[in-house]
Amino acid sequence: MRADELAVEPPAAARRLLGATLWSGEVGVRIVEVEAYGGDPTGPWPDPASHSGRGRTKRNAVMFGPAGVLYVYLSYGMHTCVNVTSGPDGTAGAVLIRSGEVVAGLEKARVRRVTARTDTDLAKGPGNLGSALGITLGDYGTALLDPASPIRLEWHGAPSTAEIASGPRVGVSVAAEQPWRFWLPSSAAVSVYRRSPRAPRIAAGS
DNA sequence: TAACTGATGAGT
DNA sequence: CTCATCAGTTAA
């Protein structure tokens with residue numbers, strides 16, 4: 001995979017990342033669920049739900065750089081969420097890796113995820129995926145397309161559109177109408193969709 | 001359904 | 001400095 005294949009609008013980059021393998025040392029995860037996030041209002045794809053939706057900060061700085069770089073952040077004080085930057089250099093964008101299947105290094109992943117009931121659960125959900133791969137805030141900024149990196153991407157070509165499903169992003173209270181979540185329905189590791197409690201309700205009732 | 005946890009950024 | 005917020009997970 002080349003950087004220019006990710007230096008496109010976040011939804012297009014997200015589709016290309018499905019089916020790719022994300023390696024962290026000996027543990028490999030097949031990506032089956034992703035979410036695209038845009039950038040600030042002055043860019044080509046404004047996104048109020050994005051960490052970069054209100055401009056550049058110390059935390060989101062890497063989102064404004066070249067594509068194919070690891071953006072990690074801490075969520076809810078305990079989970080590390082793994083993102084791949086997208087869009088051209090100077091334009092903010094990223095793809096959150098939400099869920100995957102462990103395809104290598106099962107033993108190590110099981111040690112890191114002792115609470116997982118089955119192997120399918122090892123990297124199911126953004127926090128669990130980061131935990132299974134052992135990714136920490138210290139890995140912020142890793143060049144994922146460099147074969148020498150401890151954390152790297154192995155691309156197998158984008159899946160066909162028939163294999164990809166899309167829908168609203170999870171846990172996002174604004175811009176919830178954007179179908180910027182993509183997943184492979186054939187995988188059992190796709191996390192269950194749960195609407196944000198702050199998102200507008202679709203219909204009245206119970 | 002809610003307890004939990006801590007970095008972040010906006011407001012004081 | 002404080003304070004609300006957060007792209008969650010888990011046990012109940």
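As the structure is a computational prediction, the values presented were derived from the model and not from experiment.
- Picking from C:dT9, C:dA7, B:dA7 the nucleotide with the shortest atom distance to the side chain of A:N128 gives C:dT9.
- One can place CG of A:N83 at 15 Å from C1' of B:dT8, the figure rounded to the nearest angstrom.
- Contact check for A:V95 versus A:F182: no side-chain heavy atoms found under the 4.5 Å cut-off.
- In this structure, A:L74 atom CG and B:dT8 atom P are separated by 8 Å, rounded to whole Å.
- The closest side-chain heavy-atom distance from A:R181 to A:V190 is below 4.5 Å.
- Minimum atom distance to the side chain of A:L137 is reached by B:dA7, of the listed C:dA7, B:dA7, C:dT9.
- Applying the side-chain hydrogen bond (donor to acceptor under 3.5 Å, both in side chains) rule to A:H79 yields no partners; only residues at least two apart in sequence or on another chain are considered.
- The side-chain heavy atoms of A:T80 and A:L133, taken from C-beta on, include no pair separated by under 4.5 Å.
- The side-chain hydrogen bond (donor to acceptor under 3.5 Å, both in side chains) pairs that include a residue from residues 8-19 of chain A number zero, where partners must be two or more places apart or lie in different chains.
- The side-chain heavy atoms of A:L122 and A:N128, taken from C-beta on, include no pair separated by under 4.5 Å.
- Spacing between atom CD1 of A:I135 and atom P of C:dA7 amounts to 20 Å, rounded to whole angstrom units.
- The glycosidic torsion of B:dA7 lies more than 90° away from 0, which places this base in the anti conformation.
- Within residues 107-118 of chain A, the residues that have a heavy atom under 4.0 Å from DNA chain C are, in order of number, A:R113, A:T115.
- One interatomic measurement links the two molecules: CG of A:L129 to C1' of C:dT9, which rounds to 14 Å at whole-angstrom precision.
- Every residue two or more places apart in sequence or in another chain was checked for a ring pair (Phe, Tyr, Trp, His ring centres under 6.0 Å) with A:F64, and none qualifies.
- Applying the salt bridge (Lys or Arg N to Asp or Glu O under 4.0 Å) test to every pair with at least one member in residues 41-65 of chain A, sequence neighbours left out, gives these pairs: A:D47-A:R169.
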Under 3.5 Å, side-chain donor or acceptor atoms of residues 84-94 of chain A against the rest of the protein: list the pairs with distances, not counting sequence neighbours.
unit_1: A:T85; atom_1: OG1; unit_2: A:P66; atom_2: O; d: 2.8
unit_1: A:T85; atom_1: OG1; unit_2: A:G68; atom_2: N; d: 3.2
unit_1: A:T85; atom_1: OG1; unit_2: A:V69; atom_2: N; d: 2.9
unit_1: A:T85; atom_1: OG1; unit_2: A:V69; atom_2: O; d: 3.4

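- Within 3.5 Å, no donor on the side chain of A:Y73 pairs with an acceptor on the base of B:dA7, nor the reverse.
- The distance from atom CZ of A:F182 to atom P of C:dA7 is 18 Å, rounded to the nearest whole Å.
- Considering only heavy atoms from C-beta on, A:D40 stays 4.5 Å or farther from A:S52 through its side chain.
- Among residues at least two apart or in separate chains, salt bridge (Lys or Arg N to Asp or Glu O under 4.0 Å) pairs with a member in residues 100-119 of chain A are A:E26-A:K108, A:R30-A:E101, A:R110-A:D119.
- The separation between A:L70 atom CG and C:dA7 atom C1' is 14 Å, rounded to whole Å.
- Of all the heavy atoms in A:C81 and A:P126, the pair that sits closest is SG-CB, 4.0 Å.
- By the side-chain hydrogen bond (donor to acceptor under 3.5 Å, both in side chains) test, A:T21 is found to be paired with A:H156, residues two or more places apart in sequence or in another chain being considered.
- Here the C1' atom of nucleotide C:dG8 and the NE2 atom of A:H51 are 12 Å apart, to the nearest Å.
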(Q) Show me the dot-bracket string of DNA chain B, counting Watson-Crick or G-U pairs under 3.5 Å, with | for pairs to another strand and [ ] for crossing ones. (A) ||||.||||||.

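- For the segment residues 75-82 of chain A, the set of residues with a heavy atom within less than 4.0 Å of an atom of DNA chain B comprises A:Y76, A:G77, A:M78, in numerical order.
- Nucleotide B:dA7 holds its C1' atom 13 Å from the OH atom of A:Y140, rounded to whole Å.
- A heavy atom lying under 4.0 Å from DNA chain B marks the following residues of residues 53-63 of chain A, by number: A:T57, A:R59.
- Not counting sequence neighbours, A:D146 has no partner by the salt bridge (charged side-chain N to carboxylate O under 4.0 Å, His left out) test.
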